[in-house]
Amino acid sequence: MSAPPTAPPEDPAPTPDRGGEPRRAPWLRTVPRRAADLLARQWPALLLCAFACWLIWPGPIGRMPLSQDHTVHVARAWMVGEELRSGHLSGWSSYWYFGFPVGELYPVLGDLFVGLLRALSFGTLPWPQCYAFVFSAAYVLQGIAMLRISRATGLGRAPGFIGAVLLYLDPGVLREGGWAYTVHFGVWMQPVACVFIWWAFAELALLVRADDVKPRALVGPAVLVALAMLAHPIALPMAALGTLVMLVAQGVRANMPRVLVSFGLVTGVGAAMAAWWVLPMMTHSAWIANLGTLYSDMDTMLRRVWSGSWAKFMPASVGYAILVGLLWGVLRGNRFVRGLAVLAVVLWLMSTSDFFFRFRLDWLSENFRYLQYQRFIICAKPGLYLAAGLVPAVLGHAAWGLWRDRVPGDRGRVALAVGLTVAAALVTGSMLASAGDVALENGVGDYRTMRVQGDRRTDRDFAEFNAWAKKRWADRGGDYWRIAYKARRHSHIYADAPVFNGAPSYKIGYMPGEVFVHRPESEQAEVLDRLRVKYFVGASGVKDGKVIKRFGKIKVSEREVTEQIARVVGQGELEVLVDDVDHERVAVRVRGAAPGTRLEFNVAGFPRWQVLHDGVPVDWVEVPAVGNGPSASPEERRAGEFRTGKGNTTPPTDPMLLGVDAEDGVYELRWRRWMVADVIGACAFAAALGIAAALAFAPRRAAAVLARIEGWLRPWVLATLAAMFVVAALARYGSGFVAERHLASGHLREGRVASAHGVSNGPIKVDRVIGPAILVEASADDPATVALPGVSPATSEIPGWFAIDDHALKDATSGWEIVVDGRPSGDGDGEWQELRRVPIRSRSGKQDLALDIDRFADAARVDLRVSVRGRTGKTPRLGFDFDLR
């Protein structure tokens, strides 16, 4: 028997002295091929990343932008990081104002990622560098998301690539997104939130298009929805509206049960994942400053579209391409593209004042009165720019189809394919070239890394000051004080000082990046005293202090600190036992109090604070920092009695500091980390994680459960759910309609007026709150009038008001007056008697227009006539209303 065959012996490993080459490891041999495969598959994403990084260079290497709000954002991220170090996601911080709830009312996603990167570096990366990396990643991510969204269009990645380039080249303006808002002003988390919602819808569209929905694939879109809601609150209405639009687009004349289960589950689980922050924020919304802002009317917006501009600084070629892409999407696109077209247009329309008032969104939810409607253009832009990319993509797709199906000798098909290819190239080139020109003209790519453009000396002076201030704060002993910083009202060059010196600050002037209602801007001596300001920093000194240090143009003045954590107003003495408000530990003792004595803490009011007197909780109110103005209880704030404010500032005469009626004993401030909303939010978060885990790790059982739910959703069930939704919406509208029937604006809406000229129903923004009114449009030659017949008020006085819109105050002119006449009802030929004549002053707020009708006491009903007249020009945007009950 012959021996079995054996493998040939391996060659001995070559050695240098034998002239052989050392062998590479097997995994090294595959690196070039893998890199080539990656480049072939992901070159659009890599190219977009390179383009985005080029625009914001040197951000990707850790150079933080220093224009506008970025210094504020890095300071807040540092404060959230301080809370994370103590084991909490949010808490009280005294680094701004009279303290504020950091991580509670303002979106936290960006702050958490900056803090996470800092933690992963074990504290070796400076906070500004961590911020720069996170900001750069968020900016790049917008383009990657556009590519992912594009997959659902059925036209590949071309529409998303073109749309992403247009998104990056968009100059933008205030509250419209683009470079100006995202990079220069530093409001970069809202565009991320919006693109995440679009991304989630695109992933869901791909899933419901398949024969079977894999449960594991639902987790990703749910996480995107959760991240969007943590990134910016506008994701809440956007997700709700988008889900409704996509349900109709994807489910009508299709598998509606599957679509409803998929979209409902993803939106619900995503919202639950974010509930730990969203629910407490919504619960404490009465302590969020009102920022409501109306935008252009629909006629103006449509005229802009007719000229090729869906937003400011949009080239006409891009605007017309968007229009064509939207029309093609509605007529020929797949279900996702149709939903995208409708949703993009509806979001764009929501920016108009007409949409808000015609659909009376405030009747659906009170929160719609406090939105900045211009921001809905940011929500619409990913869809709009994707629609622009559809045009060349459709042309190119058609050209490829003709070329692929050509037959020998068919020159017409080849010529048409070539013509469509040329057309696609021309459209793309025209859009990108015009967008590039506009971007170059408007500073896209101007990534500022200096606090004062062109002046690096200020950066060096600021660094030297922070080193000095850090040593002063470290050597303070048991003393507590703040540093006040003053620059121009909208200059934030000193806002990130606490990151470098660790000392509590007070910025004199407007502070973006936080929405807490108690944000004083005053530099009155009494305000600085109550804040315990010891050092005043700016280009000039302060009256009650002396300049002790100079760092270039930066002057440091020192003041005497005269206040403590609290004060007694009235009889009594105060002893401070514990003064550590940042760790929620404050205790004082009051002796010799008399009836009427009040204890006031130099701490801003917030519902998490609990005041205990000798261990027993007592009621507290918010009192002004200056003056003897009215106080506000938490119940009054929740009822909306203090939602308004004067102009764009928060005066120290507003109620803001904690106060209690004092008696002898020990008073403590205690911070309540767990309230009902926190418990519910934590439970919702835990439930969402459980559902996500079941979808990911038990897909078969999850698929069976989802299939069973789909089986329950029979046509009659779907019809019942739709009817319930319609009835609930109609009930909200009905209650809102009835609640305004007694107003003069309600009479005009229902046509219960004898005559009307130059007046209309519409929204007006007064004291930062948007509400209904009778709007007036009159000129010197054409006064406005409205007659209200048959009024039967319950008393002899009819309350009323008139006001100029907040945004029209600067353009308002004098010489106008509002005149109200009356007569007994039924006396059609009776003479009108003047009840009130009031000049229209150019000042903010509602001005009194109450009517005394005691002279008509014998009449059962009264006719009223309101006239607005003037000597020159036209009226500013103004309105009035009466309570006719």
Would you check if there is a donor-acceptor pair between the side chains of Arg472 and Tyr535 at a distance under 3.5 Å? yes
Would you sort out whether Gln129 and Leu117 count as a side-chain contact (heavy atoms from CB on, under 4.5 Å), showing the intermediate values? CA-CA 10 Å; Gln129 199 167 12; Leu117 183 58; over 6 Å; no
Using 0.5 Å steps for rounding, measure from the CZ atom of Arg375 to the CZ atom of Arg175. 7.0 Å
For Asp496, run the side chain to side chain donor-acceptor pair (under 3.5 Å) check against Arg451, His70, Arg76 and tell me which one passes. Arg451
Side-chain donor or acceptor of Trp348 paired with backbone N/O of Trp310 under 3.5 Å: yes
The reported gap from CZ in Phe376 to SG in Cys194 (rounded to nearest 0.5 angstrom) is 9.0 Å
Distance from Asp446 atom CG to Leu55 atom CG, nearest 0.5 Å? 11.5 Å
Judged by modelled atom types alone, do Tyr97 and Arg482 share a side-chain donor-acceptor pair under 3.5 Å? no
In terms of side-chain geometry, is the basic nitrogen of Arg151 or Glu203 positioned less than 4.0 Å from the acidic oxygen of its partner? yes
Check whether any side-chain N or O of Gln374 sits under 3.5 Å from a backbone N or O of Leu174 as a donor-acceptor pair, and report yes or no. yes
On the 0 to 90° scale, with breaks at 30° and 60°, tag the His490-Tyr510 ring pair as parallel, tilted or perpendicular. tilted
If you count the non-hydrogen atoms of other residues, nucleotides and ligands that lie under 6.0 Å from CZ in Arg476, is the total more than 12? yes
Please determine whether the number of non-hydrogen atoms from other residues, nucleotides or ligands lying under 6.0 Å from atom CZ of Phe113 exceeds 12. no
Evaluation steps, salt bridge (Lys or Arg N to Asp or Glu O under 4.0 Å), between Asp459 and Arg457: CA-CA 5 Å; Asp459 293 335; Arg457 179 63 192 174; over 6 Å; no
Between Glu521 and Arg489, does a salt bridge (Lys or Arg N to Asp or Glu O under 4.0 Å) hold up when you go through it step by step? CA-CA 9 Å; Glu521 300 182 20; Arg489 183 170 184 263; 2.8 Å; yes
In Å and rounded to the nearest 0.5 Å, what is the CZ to CD distance from Arg85 to Glu83? 11.0 Å
Under 4.0 Å between a side-chain nitrogen and a carboxylate oxygen: does that hold for Asp170 and Lys381? yes
Just say parallel, tilted or perpendicular for the rings of Trp473 and Trp481, cut-offs at 30° and 60°. perpendicular
Check the angle between the aromatic planes of Phe161 and Trp43 and answer parallel, tilted or perpendicular using the 30° and 60° thresholds. tilted
State, without any angle test, whether Ser434 and Asp437 hold a side-chain donor-acceptor pair at a distance under 3.5 Å. no
What is the distance from atom CD of Glu514 to atom NE2 of His73, rounded to the nearest 0.5 Å? 11.0 Å
Kindly say whether the aromatic ring centers of Phe516 and Trp287 come within a distance under 6.0 Å. no
Could you grab the distance from atom CD1 of Ile508 to atom OG of Ser522, nearest 0.5 Å is fine? 8.0 Å
Polar side chain donor-acceptor pair, Tyr480 to Ser94, under 3.5 angstrom: yes
Before you tell me yes or no, could you show the steps for Tyr168 and Tyr139 under ring-ring contact (aromatic ring centres under 6.0 Å, His included), namely the whole-Å CA-CA distance, both residues' side-chain angles and the distance that decides it to 0.1 Å? CA-CA 9 Å; Tyr168 284 139; Tyr139 187 78; 5.0 Å; yes
Once you measure the plane-to-plane angle for Phe196 and Trp199, does it fall in the parallel (<30°), tilted (30-60°) or perpendicular (>60°) bin? tilted
Donor + acceptor pair across side chains of Arg63, Thr449 (<3.5 Å): yes
Less than 6.0 angstrom separating the ring centers of His518 and Phe606, yes or no? no
